[in-house]
Amino acid sequence: MGDITASSCSPNKPKNKKTSEKDDGDFRTYDVTTTSDRVIEHYRAMRANQTLAFHAKMSDKYKFDPVTGAGRRLMTMEDAFDQLESYVDSSDPDLDLPNRVHLLQTAEGIRRAGQPDWMQVVGLIHDMGKIMFLWGEDEDGQNGVDPDGHQWALGGDTWILGCEIPESVVFPQFNALNVDMQDEICKSKYGIYSPNCGLNALKCAWGHDEYMYRMLIANKCTIPPEGLAIIRYHSLYPWHSNNAYSHLTNNQDEETKGWVQQFNAFDLYTKDEENELHVESLWNYYYPLLEKYGLGGQLWW
Ligand code: FE
Ligand code: FE
């Protein structure tokens with residue numbers, strides 16, 4: 001695990017401004033004239049293909065038998081972290097670095113701000129669900145190996161499946177491409193849900209958030225519920241940043257939203273840092289925290 005420099009580059013560099021040149025308002029600008037074709041294509045395919053049927057397919061593919069561990073593989077957090085060395089998120093207009101760098105930058109930002117240790121752990125692992133790229137197929141939007149492969153079920157902003165897709169979602173012009181939007185119930189305001197049923201009952205577009213949440217539950221991780229919610233909903237921008245879905249969520253979810261918003265600032269604004277990261281010594285700090293929250297040693301993935 002050598003040291004890594006946050007300023008190293010990948011061949012997938014988007015046309016957007018370099019992260020190191022950005023002001024806070026420059027992050028997450030999505031516009032067909034300035035956003036790279038790769039990011040636009042990511043969202044077109046994601047909006048078209050993420051349906052309730054696809055969610056069911058992925059839930060089945062990644063299901064876990066807690067007694068036998070059937071269907072899953074054993075791997076340590078450190079192994080997963082190292083495997084992400086070769087993965088760059090094609091949906092992110094602000095980041096052309098391996099995800100591993102982003103995870104350490106996020107965790108270190110949270111630590112520097114004096115936030116609780118469980119939140120530092122959340123920063124370190126929040127995107128580790130992208131590890132699905134190791135087992136994914138191009139047709140399922142989970143090919144993170146081929147630089148031109150589809151990643152629309154790994155990363156990107158999510159939305160709620162099975163109900164009307166809000167206009168506040170990124171690239172709303174692609175909403176009509178979603179097959180579920182041809183169904184009278186699925187395209188209605190409440191869709192398949194009942195009013196204020198709560199976030200927990202809603203199905204998000206499948207990606208690293210949902211997978212990682214399920215992985216942590218399966219491994220009996222002891223991160224507090226607000227930390228698990230950050231991991232599960234950090235890509236649900238229409239909800240946490242654009243106030244969509246208030247007709248489906250409940251009061252408890254508003255409290256959760258506060259935590260997700262707090263986390264989001266670290267997830268976004270640590271991406272422009274060019275510090276050298278000493279992985280070895282950072283790991284010596286973080287590993288005992290992983291152990292504290294039940295994430296040491298071999299885990300089921
Ligand atoms: Fe993420
Ligand atoms: Fe992130």
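As the structure lists them, so they are numbered: ligands from 1, and atoms in each ligand from 1. Heavy-atom basis, side chains included; hydrogens, waters and symmetry copies ignored. Numbering starts at 1 and runs along the sequence shown.
- Both the sub-6.0 Å distance and the 45° axial angle are satisfied by Arg73 relative to the ring of Trp135.
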Would Arg44 and Glu41 satisfy salt bridge (charged side-chain N to carboxylate O under 4.0 Å, His left out), going step by step from the backbone distance to the final call? CA-CA 5 Å; Arg44 190 206 58 76; Glu41 170 53 22; 2.9 Å; yes

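- Note: angle at the Fe ion (ligand 2), from NE2 of His126 to OD1 of Asp267, is 90° (rounded to 10 degrees).
- Val179 and Met46 are members of different hydrophobic clusters when ILVMFWY side chains are connected at heavy-atom separations under 4.5 Å.
- The name of the N, O or S atom in His234 nearest to the Fe ion (ligand 1) is NE2.
- Taking the Fe ion (ligand 1) as reference, Asp127 places its N/O/S atom OD1 nearest.
- A cation-pi arrangement is present between Arg111 and Tyr285 under the rule of less than 6.0 angstrom and at most 45 degrees off the ring axis.
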